[in-house]
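Computed over heavy atoms, backbone and side chain alike; hydrogens, waters and symmetry mates excluded.
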Amino acid sequence: MPIKTPFFSRTSALCESMQWKEWAGYYAASTYGIPHDAEYFAFRNAAGLLDITPLFKYQVTGPDAAKYLSRIMVRNIEKLKIGRVTYCCWCTEDGKVVDDGTVMRRDENEFFVTSADPCYSWFSRFLRGYDVELEDVSEKISGLALQGPTSRDILKRVCDANLDELSFFGTTKTKGDGFQMFVSRTGYTGDLGYELWVENDHAITLWDALIDAGRDYDIRPAGLTALDVTRVEAGLILKDVDYYNALHCLIDDRMSSPFEISLGWTVNLDRDPFNGQMALRKEKENGSNWAIVGLDISWPEIEMLYNRHGLPPEVGSTAWRDSIPLYTDTSKKVQIGYATSGTWSPILKKNIALATIEKKYERFGSKIQIEMTVEHKRHTVSAEICKPQFFNPERKTCTPKNSQS
Amino acid sequence: MSQKYDAIIIGGGHNGLICAAYLAKAGRKVLVLEKRHVLGGAAVSEELHPGFTFSVASYVVSLFRPHIIRELNLAKHGYEVIPMDCSFLPLPNGDSLARWADPNRSRREIARFSKKDSEVYPEFSRVMTHMGKLAKTVIDHPAPDITSLNPKELKALFRLGKTFKDLGPELLHLNTKLITMSALDFLDLWFESEVLKAPMSVSGIIGTFQGVRSPGTAYVLLHHYMGQLDGAFRSWGFSKGGTGGISIACANAARSFGAEIRTESGVQQVSIKNGKAQGVVLENGDEILAKSVISNLDPNRTYLKMVGEEHLEEDVLKEVNRYKLRGSSGKVNLALDRVPEFSCRPGVGEHLKGDIAIAPSIDYLEKAFDQAKYGEFSTRPYINAVIPSLTDPSVAPPGKHILSCFVQYAPYHIKERAENWPDHREAFGETVIDTMAEYIPGLRDMILYKQVLTPWDLEQKMGLTEGNIFQGELTLEQLLFQRPVSGYAKYKTSIDKLWMCGSGTHPGGGIMGAGGELCAKTMLQSRAV
Amino acid sequence: MSNKYDTIVVGGGHNGLTAATILANHGQKVLLVEKRSIFGGVAAGEEFHPGHWSTGLLQDTGSVRRNVITDLSLEKFGLETNGKRASTAILGKQGKCITISDDETQTAQSINRYSEKDSEAYLTYKNFITKITPFIRDIMDQAPPDLVSMGTGDLWQLAKNGLKLKRLGKATMMEFLKVAPMSVQDFLDERFETDFLKAGMSVPAVQGSFTSPRSAYTTLNLLLWECLSSDEVVGGPQALTSALVKAAQKSGVDLKSDSDVRQVVLDEQRKVKGIRLDNGEEFFANKVAATCAPQEAFFQLLEPNQIEYSLEHGIEHFRSRGTTAKLNLALSKPLRFNGQEDDAMFARTGNSWLEMEKAFDPIKYRNFSSEPILETHNTGKAPEGCATFSILVHYAPFELEGGWTDTARNELTENIIDTLSQYSPEVRDSIVGSELLTPIDLKERYGLPNGHIFHGEHAVDQLLTRPIPSCMQYNTPINGLYLCGSGSHPGGGITCLPGYLGAKRILKT
């Protein structure tokens, strides 16, 4: 049975749809209202407030904290500056991804790590020889994501952080009326937004303050259904959908390296030994087998297919997560991969998807075929391979202080 | 000679009935002879107290081969197993651990004792699934004879070898560990918390005369994982109407194919002429002829009682005599007038609907074992208890319940002599009730009826030699091509036309049905029947 | 003197000395570093009481392999073998004693005093051992097949071993397969009836293992021990060490004692560059042969981030629970055991299954035996008219409940002497000096992990693939680091084979 997050008294009162999902053993609202569109547009036009408490959270402290995390992460954490956050993944010794998440450097010797899967056991395996303390704070710290163009204005009203100076992937400690928290300028929507980390005891105070302050800024609680659309638009991959935790894979074929899931840019190879270094060096040299790409699926062709049946194009308003075969754009269709998640993008007016394809077919701008079932019959429509980032507004990364100067 | 049968099966246990069903389905004329008034052998349900139906001996189902259910259409004949949702471990310090089918719920429970352990389960389970795949290859086929140079045997051996080689060196090594290590050492590879290791390790010792630290006990841990491979998420369950329900379904299936089944027809011996089995002599003196005889009894009974030493060659007799069946467990069945509640987790919750283990620590289990080594029953035994009436209301009157306790250790040779058991029976039962009452306040006052079965009783009542619930120890030297004896491991015996189909044959004990099925299939394939 | 070498051998025990000499004999420039001031490791004799010498921790030199002796020309350096297995007195209470000697007929006669049946059974038993010995020796004397890469050669070797097994003849082969997984108690019960004989015979099967005679697979250990035992070295372990040191010196090995290795130094590609000593001194070589325990090689000599998790996990779970203590006794007069008629260098107690089992039980609960099982060795190194007894004591845990305090040590010593007194009443009064080495002391003195006398238990999964599959060929996942100690095939005991086979493996690269 799932359990409740500290926000449950608020979220359950607001969740009129009664649609819940289980997320890491917690109840998580799928959508507060039906349909979820308002929540999606809150993320893109105003502010959406999402309970992200189910993420796993770890605190790493001690003189060797940076060295220790560098041994685990594919990124060189020793280079991360205080007050900065980095997104990265961590691998097995075979260079296969275990999980991805963010690492925040709160102080010289204090780090905060988030992950999608429970990783305490994995992290603890590398403690030997390091003067650090690893603590699982998942059940002590609550999280909220406040995402959308008005999020900064709302947040300014509830805490004393200098948000005009907090740049993309920056983090700072701050307090408001009756609570203390860490705020990081991060998120899973690809928009301007913040993630807020607060002790459970102060969770409700924070929620109420945000809702109160946000009233004039169109704040709205948002659920996972809306989030899923935004994350596909932003091209952000999801564990157990776009890739799998290598430790849980029954067969090696299901495992992925960072290079294969578009996280190659997070890998710092030339430094002290870290998990997966040897294998990743080799893979860098010999090339990878797979790549995650974006697909822009031809709308005219979809329209044509439906037309044949006398139907208007029917595309769901929610994101999908099925494995859909992909083929070469040749007369003899050869399967070259599979799409793992996709959505109709209300803001781009495009049908987009994230897909895993054989590395040799990763040519941006080239055409492939994707399977599509219309009226119980299988067809294919063409799609263009693009970088896996469809929506990337300037406001996501820009900081008022800097843009003024 | 009109009533001559193609095959007579001695013993109406589940394996005997399954064997009969397969043979009858193939058009053979089959007769099953059961000594008792009820069918099922150790998989039997009996109404021992008005309104209470007890799974007298075997009490949970795990490994029943699913293809047997399909092939014999057992669901149609009443086979129904309700999966168990929880494994509950009450602790003497007032704490407890419940492991659930919901992985996140289990994770949170285990994290109270060890955060690391709470997260390791998926990895453990991944490896065990690979191991289970291998084990499945082994249990679903007759064991290849590695000493033979016959091309067919070599082929089977090669197939097995390939399965092993495909595992890769790490898993291959792990497989060696699994076969040879102690259950505890094997679990140590993954887990650190005793609260987890103690109840998990006991699955390695159930039915054996070994402790959780004894080498060779890790193998049985696998059985928990094989169920998953058969497409069932949870592999342990209760049979509707008690475990006898399974036997009844098997009997119904056999009858539907035309098999004849007689109860209260004990067999005195197999009649053997010129080294060939030609039928059986009943306890009442009647002789029934058949082209083949199949024994569902354990190897000891089959060879030494049904056949008799005079028909055995010296080397066969030697092997039969070295076959080990040291029974180590007993059973206490209680009828209760209400739900037994545990002080460490009060209330009538879902945690009572699964299996309940009294296995609070490794030292506790080892001390229980030590006593058995010296011929005493454990004063604080390992107990695996279930309350089937919470899941299947048909087995007890409304509001009343059954508490069924599997108890280890209770050595067959108590104080040197098994015949002394009747003098110890009462004390043994009291020990079990005392142990349970430490966790269930007021247990004594709830008891409406009690049945205490010592290994001696299991032998007298069910014909399990030395009370061994698996018809022989599950140690490597008595498994595979050596079960029950090398040279006669493929359901054949040293007597022409006499076959075996019980748990004493490959792949061994538990309600699996594989012995009965593989025996029938082997006979049919070789046109022996 | 340059500090560059072809191979650096870490650890100057019998395996280290063997490996260094083989490598040097093949033209390599070799440095051998030893932490202590004496060479020999567990086979180094030491004076523990004026004039009284133990011969090291291990006492039996009956399994030093013939090919090692020949290859290193040890006989040229003073090594003598006496051409037969040393005699062992199997002791029982109430003055019972059977002497097992190299002479089977004589042994059978000795047994015959207690049981005619057993004396016949002994001959049958020995006959079985003789039949399987070539097969067992073949497997133990060669490097294990490489299961990891499984090349054609390795497959062929496996197949050959399989064929050899079949060639034993169906009956012997079936019997071997039947008994190998059995408990030594069941195995001996099937053959013998004399309690103290069975108990004493079973001791080698449980030596160095967390097992009792009723544990499965202990028969395999008994068979391995029986098949590998042969000629005893005259002068015991100490004489062997002395010959090995001479051979190493003669071959040009640089022997460096009192040198504690702090670290094996790797380059950026995690290849071996050399070693650094505790005093900061560095020596360079792109191969290091570690004859210390695998646990020490990986956990003490390398940085934590230099070894991958699977390796760390594998080595961490290489089971090495120390179960043995050692007591050296200086006696004022020669010691005879009750009922002993023939001379015997070794003696074993046990007396009955029940007593052995009772000796085993406490270690499960982190305690030592109140009446331990003893393997005594008359070292012969004592002043005129006196005697020195070196005793292996089973069972004593590494982590004793309450710790190895002086009280605990005294209690164990008392337990041992009390036990011994039941077989030789005058022992107590003739003790002039003693030295107890608990598993903690064994770790301290010899670097044995958890005080385990074989570096790791001889369990089925820790033989052949010893210590773990990725290191079973003496090489390791660390390029240039080799394991050539008792933690490698064929394991502990004074065989010199891990050093010998490991060196051969290094020469192949």
Side-chain angles (χ1 to χ4, degrees), chain B residues 145-149 157 161 164-165 168-182 184-186 188-190 208-218 315 318-319 321-322 324 326 362-363 365-367 369-370 373-375 473 475-482 485-487, chain C residues 146-150 155 158-159 162 165-166 168-171 173-175 177-183 186-187 189-190 209-212 214-220 310 313-314 316-317 319 321 353-354 357-358 360-366 457 459-465 468-470 472:
Chain B
D145 182 358
I146 72 162
T147 61
S148 161
L149 288 170
L157 203 58
F164 272 90
K165 191 177 171 277
E170 294 295 333
L171 286 175
L172 193 61
H173 184 234
L174 202 61
N175 190 65
T176 313
K177 286 181 176 289
L178 191 60
I179 293 174
T180 59
M181 272 168 107
S182 76
L184 183 62
D185 287 345
F186 190 76
D188 271 339
L189 293 174
W190 281 274
T208 71
F209 201 177
Q210 305 275 357
V212 292
R213 285 188 193 276
S214 308
T217 50
D315 55 332
K318 185 185 150 211
E319 291 298 319
N321 279 328
R322 79 201 294 200
K324 293 186 285 288
R326 295 168 281 208
I362 300 296
D363 281 0
L365 295 170
E366 277 297 318
K367 282 180 180 150
F369 174 50
D370 284 349
K373 290 192 299 195
Y374 308 120
E473 289 174 28
T475 45
L476 190 62
E477 73 268 20
Q478 324 201 128
L479 286 175
L480 302 167
F481 64 93
Q482 311 200 93
V485 297
S486 29
Chain C
D146 186 358
L147 297 175
V148 180
S149 56
M150 247 331 175
L155 274 177
L158 267 186
L165 182 63
K166 289 208 172 191
L168 287 177
K170 184 151 180 159
M173 170 186 166
M174 288 307 287
E175 189 60 14
L177 291 173
K178 181 90 190 172
V179 301
M182 279 168 65
S183 76
D186 285 341
F187 173 74
D189 275 347
E190 282 183 349
S209 284
F210 202 91
T211 53
S212 76
R214 75 189 305 295
S215 305
Y217 298 98
T218 41
T219 302
L220 179 64
S310 63
H313 184 258
E316 198 184 309
H317 289 92
R319 298 192 302 294
R321 294 163 289 196
W353 294 137
L354 181 75
E357 201 61 35
K358 294 265 186 197
F360 172 65
D361 286 347
I363 199 170
K364 297 193 291 188
Y365 313 108
R366 304 155 296 280
E457 293 163 34
V460 184
D461 62 304
Q462 302 194 154
L463 292 167
L464 225 59
T465 53
I468 55 172
S470 62
M472 65 184 279

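- Of the listed residues C:Ile468, C:Thr218, C:Leu464, C:Asp361, the one with more heavy-atom pairs under 4.5 angstrom with chain B than any other is C:Asp361.
- Across every non-hydrogen atom of B:Ser486 and C:Met174, the tightest pair is CB-CE, 2.8 Å.
- Contact count versus chain C (heavy atoms, under 4.5 Å) is highest, among B:Gln478, B:Lys318, B:Arg213, B:Lys373, for B:Lys373.
- Remark: C:Trp353 pairs with no residue by the ring-ring contact (aromatic ring centres under 6.0 Å, His included) rule, at least two apart or across chains.
- Ranking B:Asp185, B:Thr217, B:Asp315, B:Thr176 against chain C, the residue ahead of the rest is B:Asp185, based on heavy-atom pairs under 4.5 Å.
- Among C:Ser215, C:Ser212, C:Pro181, the residue making the largest number of heavy-atom pairs under 4.5 Å with chain B is C:Pro181.
- For C:Asp189, no part sits under 4.5 Å from any heavy atom of chain B, backbone or side chain.
- For C:Glu457, no part sits under 4.5 Å from any heavy atom of chain B, backbone or side chain.
- With a threshold of 4.5 angstrom between heavy atoms, C:Glu190 approaches chain B through side-chain atoms but not through N, CA, C or O.
- Cation-pi geometry between B:Arg322 and C:Phe187 is not met at under 6.0 angstrom from the ring centre and within 45 degrees of the axis.
- Within the 4.5 angstrom heavy-atom criterion, atoms from both the backbone and the side chain of B:Thr180 approach chain C.
- Both tests hold for C:Arg321 against C:Phe210: distance to the six-membered ring centre under 6.0 Å, angle to the ring axis within 45°.
- In this structure, C:Tyr217 has no ring-ring contact (aromatic ring centres under 6.0 Å, His included) partners at least two apart in sequence or on a different chain.
- Under the salt bridge (charged side-chain N to carboxylate O under 4.0 Å, His left out) test applied with B:Lys324, the options B:Glu319, B:Glu477, B:Glu473 reduce to a single match, B:Glu477.
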